Amino acid sequence: MKRLLASLLLIIPAAFSASADNDVPQVANVLNRHTTSLNGKWNYIVDVQEEGFYDYRMKPNRWGFFLNAKPQKPEDLIEYDFDKSPSMNIPGDWNTQDDKLFFYEGTVWFKRSFSWHPSSDRRTILYFGAANYDTHVYVNGTHVGHHIGGFTPFNYDVTDLLKDGDNVVIVKVDNKRRVENIPTLIFDWWNYGGITRDVLLVDVPTTYIENYKLALLSQSEKKGKVRLIDFSLNLNKAVAGQQVTLSIPELKVKQSLQTDKDGKVSTTLRVSKLQLWSPDSPKLYDVNLVCGNDTLHDAIGFRTVETRGKQILLNGEPIFLRGISIHEEKSNGGGRANCTEDAHHLLSWAKELGCNFVRLAHYPHNEYAVREAERMGFLVWSELPVYWTIDWTNDATFNNALHQLNDMVARDQNRANIIIWSIANETPHSPERDSFLSRLAKSARALDNTRLISMAMEVTSADHYHNRLQDNMNEYVDVISFNEYIGWYRDVNDAPKMTWEVPYNKPVIISEFGGGAKAGYHGAENQRWTEEFQERLYKENIAMLDKIDGLSGTTPWILKDFRSPRRVLFGVQDYYNRKGLFSDNGDKKKAFYILRQWYDSKKSASQNNNKKK
Ligand code: GCB
């Protein structure tokens, strides 16, 4: 018995007691702070059996990898050495950087050394833009945090662990799919593993601005030509009496406020001659914040978004959202996208298509992408990876979703272009799902009432050709969005006979429709995988959808072919979902021109309407 107990102890992982600490507040707007990049080459060790996770005190000849141990004497046995291991680029997924890791799902350890010279009156925050999926972080051998979730930022104050001179950060990333995760076991995109976004050391004073929000109040709260902007800010600690100065020079705003006992300030600004942000005129204002030694800059746009009956109003005017869905994948052959250039490339294609809206599916995309979309004039739908068959009754799963929601909102609440928080995609109906999603929707609304809430629903058909949308979540969302695949998962010849009924007085977005085609494969329009098949599918769908009462926008599936392990048809799919309007190499398919033509006509119609006013 004793032996059994002893051997059980040997397999306890070093950080077993550290459950995920996703509660650590986010330091917002890191891209405009004083930072030192830890991007670049990191050594890595693939650890299929979690060998590196065991504490050397329990398994003396194993030495947890987080210790970065080195033999002290010639006879010392240490069976790993980061410095002799290969390296890869961070940020970057491991799947496209090492052929052996293309299909790998499991643990990889990463190590990076850096030199540092601490200064007594500053704090250092170690920031990760994202790592997919379950991450442990160690600095100089000490465990500093455990984060779960693959698409949101997290950070740790590591000041007290840093030494003058050489320092080591070691990160364990595990991307095994698990039933209780968000997303869960099955999803239709590549499970890119690794440290997929920036790693930065953020330099801040001991008291610093943690987050803030500037939001234009709705049309109804407009007082003559004066517009009202709500401003709120919180420091990293609850200290009263700190002076915070906000200035927006172009609007002649300069305000000084004192923090309350919680380290917060809030006020409503009155501004005149405000130029609103819109896709046609994506105006951003320089905003400066100062609190003691902390100074922070941002570029912020102001707009309102509301619904009126079945219309979406941007700045008080009805708008048709000419959208497209996008995965966060590089335009040249795949791999996780992670920089402005990657985003710009994809968004330029969306511009060419005539879009004013993008659905960043199916998880929060990186901050560069959201900001680039804002500069280029794209409205954005931002989404949580609550996808398909989530473990609805698991409290930990709900908390995970809630953390991802909080982090998505905390990072992007000042982006004028985000108009929709989407809380889920194609979730099969059940009372458990309704309970989970309604709680999530309420939380989203409580966090941010300056945007619309939606989710991609499924249609439950009443009879063969008559589709009636019925979803108990209708009362929790502002916009009714649903995916439909007439022409792909159902016969394209059905399209002209189909009628759609959305029995709710809310705007409608078709969040997905589309079908696959292999670029360059031509043939008859009833021949699957030809560009002609996809072209016809788009023609039929557009004609069908245009008749839906309250149609306020569409985000067809999808801009570009993307990698997915579910898509195994040899010679055609080759692990790509082929529903792109562009191939993975950037070749336009015929359906691109059909959608562009429709969007051109929608744009002209809205311009004519505006002229008539
Ligand atoms: C869907 C999903 C999307 C898939 C798509 C497809 O409904 O929302 O993630 O990739 O269908 O291609 O089947």
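On a predicted model such as this, the values are computed, not experimentally measured, just so you know. As the structure lists them, so they are numbered: ligands from 1, and atoms in each ligand from 1. Just so it is clear, the values below take in all heavy atoms, side chains as well, and ignore hydrogens, waters and symmetry mates.
Looking at Tyr387 next to ligand 1, an N or O pair under 3.5 Å apart turns up.
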- Task: Could you give me the CA-CA distance, side-chain angles and deciding distance for Glu50 and Thr107, then say whether side chain to side chain donor-acceptor pair (under 3.5 Å) is met?
- Result: CA-CA 7 Å; Glu50 310 274 352; Thr107 283; 2.9 Å; yes

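Among protein heavy atoms, the minimum distance from atom 7 (O) of ligand 1 is reached at Glu426 OE2, 2.4 Å. Glu512 OE1, 2.9 Å is the protein heavy atom nearest to atom 1 (C) of ligand 1. Of the protein's non-hydrogen atoms, Asp188 OD2, 3.2 Å is the one closest to atom 4 (C) of ligand 1.
Near Arg567, meaning under 4.0 Å from one of its heavy atoms, ligand 1 places the atoms 6 (C), 12 (O), 13 (O). Of all atoms in ligand 1, listed by their number and element, those nearer than 4.0 Å to a heavy atom of His362 are 3 (C), 8 (O), 9 (O). Applying the 4.0 Å criterion to heavy atoms of Asn483 picks out, from ligand 1, the atoms 7 (O), 8 (O). Numbered from 1 in the order shown, with element, the atoms of ligand 1 that lie under 4.0 Å from a heavy atom of Lys579 read 6 (C), 12 (O), 13 (O). Proximity to Phe562 (heavy-atom distance under 4.0 Å) selects the following atoms of ligand 1: 10 (O).
For the residue pair Asn483 and Glu426, a side-chain donor N or O sits within less than 3.5 Å of a side-chain acceptor on the partner. Side-chain N/O atoms of His429 and Asp434 include no donor and acceptor closer than 3.5 Å. Using a 3.5 Å distance cut-off with no hydrogens or angles, the side chains of Thr555 and Ser511 do not pair a donor with an acceptor.
Within 6.0 Å of CG in Asp491 there are more than 12 heavy atoms belonging to other residues, nucleotides or ligands. Heavy-atom neighbours of Lys547 NZ from other residues, nucleotides or ligands within 6.0 Å: above the threshold of 12. Around the NZ atom of Lys603, the shell of radius 6.0 Å holds no more than 12 heavy atoms that belong to other residues, nucleotides or ligands. By the 6.0 Å contact criterion, CZ on Phe570 is open, its count of non-hydrogen atoms from other residues, nucleotides or ligands being 12 or less.
With a 4.0 Å cut-off on non-hydrogen atoms, Trp557 touches ligand 1 through its side chain and not its backbone. Of the heavy atoms in Ile558, none comes closer than 4.0 Å to ligand 1.
Within the structure, ligand 1 has Tyr485 among the residues with a heavy atom less than 4.0 angstrom away. Residue Tyr489 places a heavy atom less than 4.0 Å from ligand 1.
Without hydrogens or angle criteria, Arg303 side chain to Asn417 main chain gives no donor-acceptor distance under 3.5 Å.
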